[in-house]
Amino acid sequence: MPRRTTFRWMALSAALVGNSAVLFALARPITDYVATLAGKDGRKVHGTATVTPTKDGAGTEVSVTLADDTPGATRPWHIHTGSCEKGGGVVGGGRAYAPIVISDKGQGAGKATLAVALADTTTYYVNIHDAAQAMGIIVACGDLKKK
């Protein structure tokens with residue numbers, strides 16, 4: 001093959017590979033979620049959760065804010081599959097979520113970066129637990145909805 005033709009094939013191949021990567025990235029569903037957290041069992045705590053894909057699309061970034069909670073409390077929290085009514089397993093492993101420490105004004109915030117992307121074909125929710133020693137007691141919960 002003449003040298004000039006070889007370079008043309010190489011350029012065309014590179015263009016096709018580059019374009020297919022762009023098309024793949026555009027075809028992948030990238031979904032943001034939001035939840036309104038409401039207190040359980042008469043608790044006044046409330047808040048919000050936002051979920052976005054990481055820049056590379058391979059993971060998930062989560063932010064949670066709480067208000068009107070018990071000052072000084074430390075709240076474990078997680079994203080789960082399912083819904084507040086019909087629970088499921090923790091997404092991304094429990095260690096990915098640092099507990100939320102509630103301020104003396106009853107407010108708290110937490111962030112987590114998960115090594116997994118959320119599938120847009122699954123339902124999810126955010127649970128706020130009472131304490132590390134009382135994970136079965138849910139303080140607040142909110143179903144994640146697609147933005």
Side-chain angles (χ1 to χ4, degrees), residues 8-147:
R8 285 185 186 153
W9 277 109
M10 288 173 57
L12 179 60
S13 297
L16 289 173
V17 168
N19 285 339
S20 65
V22 168
L23 289 174
F24 176 74
L26 292 174
R28 256 191 25 238
I30 305 240
T31 304
D32 293 345
Y33 293 88
V34 65
T36 299
L37 305 175
K40 296 296 225 177
D41 300 325
R43 296 176 194 253
K44 294 183 181 182
V45 62
H46 58 93
T48 59
T50 58
V51 177
T52 57
T54 55
K55 289 181 182 177
D56 65 4
T60 304
E61 294 179 354
V62 188
S63 295
V64 172
T65 60
L66 297 174
D68 294 329
D69 200 356
T70 305
T74 300
R75 304 289 190 209
W77 63 283
H78 310 98
I79 291 179
H80 295 257
T81 58
S83 66
C84 290
E85 293 298 317
K86 186 177 179 185
V90 173
V91 176
R95 293 184 183 185
Y97 304 86
I100 299 171
V101 177
I102 306 302
S103 73
D104 60 352
K105 294 183 180 182
Q107 300 174 338
K111 291 188 178 213
T113 301
L114 310 179
V116 297
L118 298 187
D120 71 347
T121 57
T122 304
T123 58
Y124 302 96
Y125 67 103
V126 176
N127 253 357
I128 310 297
H129 301 274
D130 186 54
Q133 304 81 6
M135 295 294 283
I137 300 172
I138 305 304
V139 173
C141 190
D143 291 333
L144 287 165
K145 308 282 185 201
K146 294 176 188 176
K147 274 185 160 181

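Count residues from 1 along the sequence.
- Between Pro76 and Ile100, every side-chain heavy-atom pair lies at or beyond the 4.5 Å cut-off.
- Residue pairs satisfying the salt bridge (Lys or Arg N to Asp or Glu O under 4.0 Å) criterion with at least one member in residues 135-147, sequence neighbours excluded, are absent.
- When side chains are defined from C-beta on, Thr70 does not count as touching Ile102, because their heavy atoms never get closer than 4.5 Å.
- Of the inter-residue distances, the one linking Thr81 atom OG1 with Lys86 atom NZ reads 10.0 Å to the nearest 0.5 angstrom.
- When every heavy atom of Val116 is checked against every heavy atom of Thr60, the shortest pair comes out as O-OG1, 2.6 Å.
- For Ala98, the side-chain contact (heavy atoms from CB on, under 4.5 Å) criterion is met by no residue, not counting sequence neighbours.
- Across all non-hydrogen atoms, the minimal contact from Pro71 to Gly106 is CG-N, 4.3 Å.
- We find the OH-CG distance between Tyr33 and Asp120 to be 5.5 Å, quoted to the nearest 0.5 Å.
- For residues 37-64, there are no ring pair (Phe, Tyr, Trp, His ring centres under 6.0 Å) pairs, not counting sequence neighbours.
- Judged as a disulfide bond (SG atoms under 2.5 Å apart), the pairs with a partner in residues 91-147 (not counting sequence neighbours) are, in order, Cys84-Cys141.
- Closest non-hydrogen pair, Leu144 versus Ala35, comes out as CD2-CB, 3.6 Å.
- The CG atom of Leu118 sits 9.5 Å away from atom OG1 of Thr52, with the distance rounded to the nearest 0.5 Å.
- For Tyr97, the ring pair (Phe, Tyr, Trp, His ring centres under 6.0 Å) criterion is met by Trp77, His78, not counting sequence neighbours.
- Residues passing the side chain to side chain donor-acceptor pair (under 3.5 Å) test with Thr48 are Thr65, sequence neighbours excluded.
- Here Ile79 contributes atom CD1 and Leu114 contributes atom CG; the two are 5.5 Å apart, rounded to the nearest 0.5 Å.
- Here Thr74 pairs with nothing under the side chain to side chain donor-acceptor pair (under 3.5 Å) rule; sequence neighbours left out.
- The salt bridge (Lys or Arg N to Asp or Glu O under 4.0 Å) contacts involving residues 33-54 comprise Arg43-Asp130, where partners must be two or more places apart or lie in separate chains.
- For residues 59-69, the set of pairs meeting the salt bridge (Lys or Arg N to Asp or Glu O under 4.0 Å) definition, not counting sequence neighbours, comprises Asp69-Arg75.
- The list of ring pair (Phe, Tyr, Trp, His ring centres under 6.0 Å) pairs with a residue in residues 51-74, not counting sequence neighbours, is empty.
- When every heavy atom of Ala96 is checked against every heavy atom of Thr113, the shortest pair comes out as CB-O, 4.4 Å.
- To the nearest 0.5 Å, the span separating CG on Leu37 from CD1 on Ile128 amounts to 5.5 Å.
- A distance-only check finds no donor-acceptor pair linking the side chain of His80 to the backbone of Tyr125 [under 3.5 Å].
- Sorted by first and then second residue, the salt bridge (Lys or Arg N to Asp or Glu O under 4.0 Å) pairs with a member in residues 104-116 form an empty list; sequence neighbours excluded.
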